[in-house]
Peer 1: 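Structure below; questions to follow.
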Amino acid sequence: HVPEWSYEGENGPDHWSMIYPSCGGQSQSPIDLKENEMQQDDTMEPFVFHHYNELPDSITVENVGHSVKLTFQMTNTPYVTGGGLASAYKFMQLHFHWGIDDNDGSEHHINSHSYPCEVHLVHFRERYETPSKAILYGDGLAVLGSVFTISKEDNPQLAGLLAGLLNVLKPNEQVTISPMPLSYFLPYDTLGFYRYKGSLTTPPCSEVVIWTVFSNKLKISDEQIRWFRELEDFEGKAMQHNDRPLQPINNRPIMMVTT
Ligand code: SG4
Ligand code: ZN
C-alpha cells in the first residue's frame, strides 16, 4: 500500500500541497511559538474542562498509519469552554507526534526549542454538530497541545497506553486499554498557554483550527518514547517520526496568556 502522503521522500511534507492545496496556504501549522514576538492577552478566561476527570467506560487505541489515536467511550462526552474560545468544543480524539530521537519530535516549537513528543486533544465546535461539518468553518476545531520533556523515571500515567501499543504495531489495528481520565493528557496547570489560528498539521491541512499549546509540559521517559517509534506505517516501515516541519507565521497574531 503506497500512501498519498508521508513524512519522508516523494510523498513528504514538501509535496503535500500538490495533492492537498491547503497545505500550501498562508495559515499553516505547526509554528515556532516565540514569546518575544507574542502579544499578551489578559482578557481570556481560564479553560473549564468538563468531564475530563471522569473515568471512561473504555479507551480504544488505534494505529492510524501515521500516528496512534485514542478515542474515549463515555456517557458524558468531555468538552471544553473558556480559554478564549467562543463556545463549547467537544472532545473527539487524541493522538501523538514524536521524533527520531529525543532532540526532536514536537510539532510546535517553543522559543525555537523542539521537544521529543507532543500530544493533541482534538475538539470540534459543538454548534456545528459533527466533526465533518465543523471542518467547513474557520473556527471548527480547537486542538489543545502539550509538549513533553524527558524524565528519568517512567511516567506511570502512560503505562497502560504504552502496553497497548504492542497490540497495534500494524496500521488499522485497534485495542481496548484500561480506562484513564482524559486529564492525564493535560499538564497539571493549564493557566498559561499560547493561542493562534492555524491548520491541521497533516493533509488535508485545512485552516480550521484554533490552536492552544500549553506552556507547562508533560513528562515521558526515553524508554517510553521508544515504544512509539516501533509502530509500523502503511509501508510496513517503523514510524520513526511524524512531526511536520515548521510553517511560516505570515503576520498572524500569536497570543500569550500567563497566570
Ligand atoms: C493525526 O494524524 C491524527 O491521527 C489525525 O486524526 C488528525 O486528523 C491529524 O493528526 C491532524 O490533526 O491535530 N495534528 S492535528 O492537526 O484530527 C484530524 C485522525 O486520523 C482531522 C482521525
Ligand atoms: Zn496532531
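Counting convention: from 1, in listed order, for ligands and their atoms alike. These numbers come from a predicted model, not from an experiment. Residues: numbered from 1 along the sequence shown. Computed over heavy atoms, backbone and side chain alike; hydrogens, waters and symmetry mates excluded.
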Peer 1: When you measure from the side chain of N63 to the backbone N and O of E232, does any donor-acceptor pair fall under 3.5 Å?
Peer 2: yes
Peer 1: Remaining members of V213's ILVMFWY cluster at a side-chain heavy-atom cut-off under 4.5 Å?
Peer 2: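 Same cluster as V213: I31, L33, M38, M92, I110, Y115, V122, F124, I135, L141, V143, V147, Y194, Y196, L200, V208, V209, W211, I249, I254, M256.
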Peer 1: By residue and atom, what protein N/O/S atoms are less than 2.8 Å from the Zn ion (ligand 2)?
Peer 2: H95 NE2, H97 NE2, H120 ND1
Peer 1: Can a donor-acceptor pair be found, under 3.5 Å and without considering hydrogens, that links the side chain of S199 to the backbone of S29?
Peer 2: yes
Peer 1: Between S221 (side chain only) and E153 (backbone N and O only), is there a donor and an acceptor less than 3.5 Å apart?
Peer 2: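 No: the side chain of S221 does not pair with the backbone of E153.
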Peer 1: Is the distance between the ring centroids of F185 and F91 under 6.0 Å?
Peer 2: no
Peer 1: Is there a donor-acceptor pair closer than 3.5 Å between any side-chain N or O of T130 and the backbone N or O of K133?
Peer 2: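 Pair found, side chain donor or acceptor close to backbone of K133.
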Peer 1: Distance only, no hydrogens: is a donor on one side chain within 3.5 Å (strictly under) of an acceptor on the other, for E54 and N76?
Peer 2: yes
Peer 1: May I have all residue pairs that pass ring-ring contact (aromatic ring centres under 6.0 Å, His included) and include part of residues 21-40, sequence neighbours excluded?
Peer 2: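 The answer is none; no pair qualifies.
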Peer 1: Give, for atom NZ of K152 and atom CD of E223, the distance between the pair rounded to the nearest 0.5 Å.
Peer 2: 11.0 Å
Peer 1: Tabulate distances under 3.5 Å between N/O atoms of ligand 1 and N/O atoms of the protein, writing both atom names on each line.
Peer 2:
| from | atom 1 | to | atom 2 | distance (Å) |
| --- | --- | --- | --- | --- |
| ligand 1 | 2 (O) | H66 | ND1 | 3.0 |
| ligand 1 | 6 (O) | Q93 | NE2 | 2.8 |
| ligand 1 | 10 (O) | H95 | NE2 | 3.3 |
| ligand 1 | 13 (O) | H95 | NE2 | 3.4 |
| ligand 1 | 14 (N) | H95 | NE2 | 3.2 |
| ligand 1 | 14 (N) | H97 | NE2 | 3.2 |
| ligand 1 | 14 (N) | H120 | ND1 | 3.3 |
| ligand 1 | 14 (N) | T201 | OG1 | 2.6 |
| ligand 1 | 16 (O) | T201 | N | 2.9 |
| ligand 1 | 17 (O) | Q93 | NE2 | 2.9 |

